[in-house]
Amino acid sequence: MSDGSGEPAGETPPEAGGGVRIVVEYCKPCGFESAYLELASAVKEEYPDVEIESRLGGTGAFEIEINGQLVFSKLENGGFPYEKDLIEAIRRASNVIVM
């Protein structure tokens with residue numbers, strides 16, 4: 001049944017990025033805070049409803065989890081993520097329907 005908006009009655013369309021939680025663990029003494037702040041700003045610009053949390057990590061760390069799933073590890077990959085890759089991972093995570 002519809003309420004006239006094209007959406008089923010009683011349901012609202014999900015917000016882009018809504019329900020997505022990102023945790024970024026980074027090494028502050030390594031100077032990675034600026035990389036975190038730049039990435040967080042870009043994510044918030046694209047997905048204002050995304051929850052972003054930062055944690056201090058060990059030497060060399062810049063690890064990103066989306067909804068508890070590790071999606072990027074500087075310790076494993078040796079570099080920083082591309083912004084477009086993180087935005088794509090958030091888009092995929094926001095399209096996952098949890099039953």
Side-chain angles (χ1 to χ4, degrees):
M1 175 162 236
S2 176
D3 62 6
S5 69
E7 294 294 324
E11 293 184 25
T12 57
E15 294 295 319
V20 175
R21 183 168 185 266
I22 300 172
V23 176
V24 180
E25 183 177 311
Y26 66 90
C27 174
K28 189 171 183 175
C30 301
F32 296 164
E33 184 174 26
S34 62
Y36 161 71
L37 293 172
E38 187 176 319
L39 203 59
S41 176
V43 167
K44 281 299 207 180
E45 187 175 310
E46 187 80 20
Y47 294 106
D49 295 329
V50 166
E51 179 185 339
I52 304 175
E53 175 186 334
S54 65
R55 295 184 188 154
L56 297 182
T59 301
F62 197 89
E63 317 300 292
I64 301 174
E65 291 181 3
I66 298 179
N67 294 340
Q69 177 97 22
L70 184 66
V71 297
F72 178 82
S73 171
K74 183 178 182 304
L75 295 174
E76 291 177 13
N77 300 331
F80 290 94
Y82 290 109
E83 183 181 303
K84 65 179 182 60
D85 293 336
L86 183 57
I87 296 296
E88 175 62 19
I90 295 166
R91 187 193 64 75
R92 285 193 310 268
S94 66
N95 288 335
V96 173
I97 298 172
V98 179
M99 296 284 183

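- The hydrophobic clustering, which links ILVMFWY residues whose side-chain heavy atoms are closer than 4.5 Å, places Ile64 and Leu37 together.
- Nearest approach of Ala61 to Phe32, heavy atoms of both residues: O-CD1, 3.2 Å.
- Phe72 is not listed as a side-chain neighbour of Leu39, based on a closest heavy-atom distance of 4.5 Å or more.
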Between Asp49 and Val20, does the side-chain contact (heavy atoms from CB on, under 4.5 Å) criterion hold? Intermediate values first, please. CA-CA 8 Å; Asp49 295 329; Val20 175; over 6 Å; no

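- Open room surrounds CD on Glu38; 12 or fewer heavy atoms of other groups in view lie less than 6.0 Å from it.
- The minimum heavy-atom distance between Ala40 and Ile52, with the atom names listed, is O-CD1, 3.7 Å.
- Scored by the salt bridge (Lys or Arg N to Asp or Glu O under 4.0 Å) test, Glu88 finds Arg91, Arg92 as partners (sequence neighbours excluded).
- In this structure, NZ in Lys84 is found 11.5 Å from CG in Leu86, a value given to the nearest 0.5 Å.
- Closest of all the heavy-atom pairs between Glu51 and Arg21 is OE2-NE, 3.1 Å.
- Between Ile87 and Ala42 the shortest heavy-atom distance is CD1-O, 4.2 Å.
- Evaluation of the side chain to side chain donor-acceptor pair (under 3.5 Å) rule for Glu65 yields no partner, not counting sequence neighbours.
- The distance from the CZ atom of Arg55 to the OH atom of Tyr36 is 11.0 Å, given to the nearest 0.5 Å.
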Just distance, no hydrogens or angles: give the donor-acceptor pairs under 3.5 Å from side chains in residues 23-30, sequence neighbours left out.
none

Mind running side-chain contact (heavy atoms from CB on, under 4.5 Å) on Ile90 and Glu46 for me, showing each step along the way? CA-CA 10 Å; Ile90 295 166; Glu46 187 80 20; over 6 Å; no

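- The cluster map of Ile, Leu, Val, Met, Phe, Trp and Tyr, joined by side-chain heavy atoms under 4.5 Å apart, puts Phe80 and Leu56 in the same cluster.
- Pairing each heavy atom of Leu75 with each of Thr59, the nearest pair is CD2-O, 3.8 Å.
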